[in-house]
Amino acid sequence: MTTFETLGLSPALLRALAETDYTTPTPIQEQAIPLILGGHDVLGGAQTGTGKTAAFGLPLLQRLAKETPPKGPRKPRALILVPTRELAVQVADNLKTYGRHLRMNVTTIFGGAGMQPQIDNLRRGVDVLIACPGRLLDHMDSGHAKLDAVELLVLDEADRMLDMGFLPQMKRIMGRVPKQRQTLLFSATFEPRIKAMALEFMRDPKQVQVAANSTIAETIAHRAHPVDNNRKRDLLVELLSKRHTDQVLVFGKTKHGCNRLAEQLAESGLPSVAIHGNKSQAQRQKALDAFKSGRARILVATDVAARGLDIPNLPLVINHDLPMVAEDYVHRIGRTGRNGASGEALSLVSPEEGGLLRQIQRMLNAEITMDVVEGFAPSQPVRLDAPIPKNGGGQRRQPSGGRPGARMGEQKPGGERAPRKAAGHRGHGKPADRSAHAHAGPKQHRSGAGRAPGARPATRA
Ligand code: AMP
């Protein structure tokens with residue numbers, strides 16, 4: 001049996017893993033760790049929830065720890081580019097946990113937070129820099145972030161960075177990182193644009209893949225309730241009031257919609273908090289803490305804000321609105337039914353969303369059961385041939401307007417906020433039960449069923 005020892009990890013890392021209750025490597029860790037330790041470029045097909053952070057984080061730390069850092073102020077030797085600040089924080093927390101017995105400075109850089117503390121951290125010296133592209137460029141342009149010592153470059157959730165229009169920024173950053181380096185790219189999909197990136201930025205990458213992202217765990221019961229748009233909130237209240245599920249994650253479409261919904265649910269006696277891209281990091285953390293501690297039973301979130309959040313397994317996910325990108329359906333409902341637990345996912349579908357439902361069913365290659373809730377039958381049927389709303393569809397979003405690739409929370413140097421593009425999230429919890437991918441294609445590695453992943457690493461301040 002493969003263990004972390006047999007993968008060749010150092011005693012300091014093994015100790016940290018034992019303390020974190022990671023007993024067995026997940027499939028992506030099994031595959032990627034030896035390749036990365038061997039110095040290869042790795043193209044990893046894995047989404048969040050599979051243990052991919054440790055898959056690249058452990059060998060990255062080991063490689064850095066082996067070398068004595070060059071004399072003088074420590075410049076980043078590893079750069080991890082991520083699409084969102086939540087993911088940046090999460091990756092940093094994980095790396096700090098894994099590297100707790102190594103002397104490694106791990107620092108984050110993202111928009112929506114003060115520049116000065118980030119500059120101070122850069123000045124103090126950094127070994128591993130985890131950054132969102134926009135803000136990193138600001139620091140590079142002002143001369144505070146120097147990338148000429150980078151030996152290891154990780155592009156995490158590369159597909160999402162492309163969705164968010166970060167390609168130009170990524171290219172600029174890549175141009176400033178030494179060519180002689182090891183590059184690791186993780187993406188949920190290996191679509192043509194990811195392959196093009198790999199060709200451009202990587203050297204003979206080894207490909208590893210653990211899961212298809214268009215299958216739903218068999219443990220998740222998911223169905224849809226047709227309902228008129230203007231009655232969705234009443235139906236939601238009805239569903240939530242009838243059930244006594246402890247925690248419910250509700251996905252909404254827009255920031256304002258999420259805010260309003262959380263307020264209205266709270267007014268209906270259902271304690272709720274909202275989390276979206278317009279909220280500051282502190283506000284998001286506060287909302288998340290309220291949810292995790294049970295003070296708020298319901299978390300209403302947009303896809304963007306929900307990405308990178310480490311929300312433990314949930315019993316129920318409700319789509320107040322269908323996602324604009326079909327693939328996000330899988331990510332959203334994958335927040336429930338993890339690790340063999342049973343879960344439920346409900347989608348409120350208005351007649352106008354028939355086209356979106358069609359896209360999702362086409363992607364899943366399966367029909368979603370439609371189930372009318374008594375008293376909430378829509379005024380007209382949900383027709384699958386309905387046109388797709390103008391701003392959505394099965395296509396990935398392309399940036400439009402604003403600074404290319406700019407996101408909420410990534411600030412322009414002048415301080416003005418740039419509009420944020422919506423994008424899907426990756427589930428963030430324990431490694432996904434691989435039975436979720438029982439229908440994975442022949443290329444996909446299928447294993448891990450029955451494995452009992454340990455606890456999450458403790459989050460450090
Ligand atoms: P990730 O896909 O990196 O976001 O990881 C998902 C979750 O799984 C995180 O909460 C990790 O702490 C946890 N995790 C990662 N690898 C393991 C492992 N080998 N055993 C137990 N938990 C793990």
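Ligands are counted one by one from 1 in listed order, and the atoms in each one are counted from 1 as well.
Looking only at distances, a side-chain donor or acceptor of Asp321 sits under 3.5 Å from a matching main-chain atom of Lys253. In terms of modelled atom types and a separation under 3.5 Å, the side chain of Arg77 and the main chain of Leu64 share a donor-acceptor contact.
Looking at Gln29 against ligand 1, only its side chain comes within 4.0 Å, counting heavy atoms. Under 4.0 angstrom from ligand 1, the non-hydrogen atoms of Thr24 all belong to its backbone. Under 4.0 Å from ligand 1, not a single heavy atom of Phe56 appears.
Residue-ligand proximity, Phe4 to ligand 1, at heavy-atom distances under 4.0 Å covers atoms 19 (N). The distance from ligand 1 to the heavy atoms of Thr53 drops below 4.0 Å at these ligand atoms: 1 (P), 3 (O), 4 (O).
In terms of N/O distances under 3.5 Å, ligand 1 is approached by Lys52. Not a single N or O atom of Pro25, backbone or side chain, sits closer than 3.5 Å to an N or O atom of ligand 1. For a threshold of 3.5 Å applied to N or O pairs, the pair formed by Asn94 and ligand 1 contains no separation below that value. Checking only distances, Tyr22 does come within under 3.5 Å of ligand 1, N or O to N or O.
Atom CD of Glu367 has 12 or fewer neighbouring heavy atoms from other residues, nucleotides or ligands inside a 6.0 Å radius. Within a 6.0 Å sphere centred on CD of Gln116, heavy atoms belonging to other residues, nucleotides or ligands number more than 12.
In this structure, Leu153 CG and Glu151 CD are separated by 12.0 Å, a value rounded to the nearest 0.5 Å.
For Ala149, the side-chain contact (heavy atoms from CB on, under 4.5 Å) partners two or more places apart in sequence, or in a different chain, are Lys75. Residues that satisfy the side-chain contact (heavy atoms from CB on, under 4.5 Å) test with Gln62, not counting sequence neighbours, are Leu9, Ser10, Leu13, Leu37.
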